[in-house]
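Everything below concerns the one structure shown next.
In what follows, chains are A, B, ... by sequence order, proteins preceding strands, each numbered from 1.
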2 protein chains.
Amino acid sequence: MRGDAFDPGCPTRLLLDRIGDKWSVLVVLALTGGPRRFTELRRLIGGVTPKVLTQTLRTMERDGLLTREVFAEVPPRVEYALTPMGLSLHGPIQAITDWAEENVEDVLSARARHDELPA
Amino acid sequence: MRGDAFDPGCPTRLLLDRIGDKWSVLVVLALTGGPRRFTELRRLIGGVTPKVLTQTLRTMERDGLLTREVFAEVPPRVEYALTPMGLSLHGPIQAITDWAEENVEDVLSARARHDELPA
DNA sequence: CGGTATCCCGTACGATACTG
DNA sequence: CAGTATCGTACGGGATACCG
């Protein structure tokens, strides 16, 4: 049973929604280089607020995509790292972001052209 | 200039948000086999309402991902087809959906395990 | 440092009904 | 057949402030 994205009852839909959220993709990208601390992630991923970053990380941890390790030190240190499953997402995500970065210009000009012709 | 997904000011973010929406991905998949009519898409993509499907199609048309062709017939016929740029999205999207379909089970069991241990 | 706690808001999405 | 019109809502996300 591989699941069928066209079936509204299939949990695959849930995964697509998760991956499609605003920040998960960037978290995966930020973690592919190795474990990162909370503040590092916050700096890397421009514009994310702590609340939302925490939410994203917690959900991804729950889904088995990353691990959260707390070190008993002062000052406190918490490291986030991708699990093998999380790492396996890197390829597909890279493909999408590459596409996005390559096609930004074309999409924007298509939009401009479309909006110019109110006919 | 390829764009940088980590930069909150970069329009790449906008594309990620678009792609990440609930239906665009499924529309691309449904259209890779060739042009489709509105009702065909509606049938193929389980659970989508006409309003939302129209919204999605219009936005994708505006972004240059697909074309909308109206035939002057009775009964009316409208065909949607991917542009070359839209088609170029198929590979990356396929990668994501393949990943999703392959990892559904693991994610769900990770969730179940996580929720069982309230500690 | 690594988060929570609150408050707030837009909008993506859905249900239902109707039309050229 | 291929949509619009209307109404309603959940929630993802942002701003700001505070805490162990």
Side-chain angles (χ1 to χ4, degrees), chain A residues 5-10 13-28 30-31 35-63 65-81, chain B residues 5-10 13-28 30-31 35-63 65-81:
Chain A
F6 284 123
D7 176 8
C10 177
R13 284 280 182 90
L14 296 175
L15 289 213
L16 288 183
D17 289 356
R18 294 254 84 267
I19 294 166
D21 95 41
K22 193 165 183 167
W23 303 109
S24 305
V25 166
L26 297 174
V27 168
V28 170
L31 286 179
R36 297 280 188 181
R37 307 174 62 166
F38 188 86
T39 310
E40 283 183 299
L41 288 174
R42 219 184 139 181
R43 253 190 311 103
L44 273 169
I45 304 173
V48 69
T49 59
K51 175 192 141 192
V52 172
L53 181 55
T54 301
Q55 276 179 9
T56 304
L57 291 170
R58 290 281 139 82
T59 306
M60 293 177 72
E61 184 192 8
R62 176 172 178 252
D63 285 352
L65 295 173
L66 54 79
T67 58
R68 175 174 181 273
E69 189 172 7
V70 184
F71 296 86
E73 302 176 359
V74 177
R77 181 161 60 106
V78 179
E79 282 196 347
Y80 295 90
Chain B
F6 285 122
D7 175 9
C10 177
R13 283 282 182 89
L14 296 177
L15 289 213
L16 288 183
D17 289 355
R18 296 252 80 269
I19 295 166
D21 92 43
K22 194 166 185 167
W23 304 108
S24 306
V25 167
L26 297 174
V27 168
V28 170
L31 286 180
R36 296 281 189 182
R37 306 174 61 166
F38 187 85
T39 309
E40 284 184 298
L41 289 173
R42 217 183 141 180
R43 253 190 312 102
L44 274 169
I45 304 173
V48 69
T49 60
K51 177 189 137 192
V52 172
L53 182 55
T54 301
Q55 276 178 8
T56 305
L57 292 170
R58 291 282 139 82
T59 306
M60 293 176 72
E61 184 191 7
R62 175 174 179 250
D63 285 353
L65 295 173
L66 54 79
T67 58
R68 176 175 180 271
E69 187 172 7
V70 184
F71 296 87
E73 301 175 3
V74 178
R77 182 161 58 105
V78 178
E79 283 196 348
Y80 295 89

Please classify the nucleic acid contact of [X] as base, sugar-phosphate, or nothing, using heavy-atom distances under 4.0 Å.
X: Arg77(A); result: sugar-phosphate
X: Arg37(B); result: sugar-phosphate
X: Arg58(A); result: sugar-phosphate
X: Arg68(A); result: sugar-phosphate
X: Tyr80(A); result: sugar-phosphate

Using whole Å, report how far [atom1] of [X] lies from [atom2] of [N].
X: Asp21(A); N: dG14(D); atom1: CG; atom2: P; value: 10 Å
X: Leu57(A); N: dG12(D); atom1: CG; atom2: P; value: 16 Å
X: Asp17(B); N: dG12(D); atom1: CG; atom2: C1'; value: 11 Å
X: Leu53(B); N: dA5(D); atom1: CG; atom2: P; value: 16 Å
X: Gln55(B); N: dA2(D); atom1: CD; atom2: C1'; value: 15 Å
X: Phe38(B); N: dG20(C); atom1: CZ; atom2: P; value: 17 Å
X: Leu14(B); N: dT11(C); atom1: CG; atom2: C1'; value: 15 Å
X: Arg36(A); N: dG3(C); atom1: CZ; atom2: P; value: 16 Å

When you get a sec, tell me which of dG2(C), dC1(D), dG14(C) is the closest nucleotide to the side chain of Pro75(B)?
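Taking heavy atoms from C-beta onward, the closest nucleotide is dC1(D).
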The side chain of Thr49(A) lies closest to which of these nucleotides: dG3(C), dG14(C), dG14(D)?
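The closest nucleotide is dG14(D).
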With no angle test and no hydrogens, is the base of dG14(D) tied to the side chain of Lys51(A) by a donor-acceptor pair under 3.5 Å?
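Checked by distance alone, the answer is yes.
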Closest contact, heavy atoms only, Ile45(B) versus Val48(B)
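Smallest interatomic distance, heavy atoms only, reads O-CG1, 3.3 Å.
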Nearest 0.5 angstrom please: [X] [atom1] to [Y] [atom2], how far?
X: Arg58(B); Y: Asp63(B); atom1: CZ; atom2: CG; result: 14.0 Å
X: Phe6(A); Y: Arg43(B); atom1: CZ; atom2: CZ; result: 12.0 Å
X: Arg36(A); Y: Leu41(A); atom1: CZ; atom2: CG; result: 7.5 Å
X: Leu53(B); Y: Trp23(B); atom1: CG; atom2: CH2; result: 9.0 Å

Judged by each residue's nearest nucleotide on DNA chain D, which is more toward the 5′ side, Val48(A) or Pro76(A)?
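Its nucleotide being nearer the 5' end, the pick is Val48(A).
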Is the phosphate of dG2(C) approached by Thr39(A) (side-chain N or O, under 4.0 Å from OP1 or OP2)?
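Yes.
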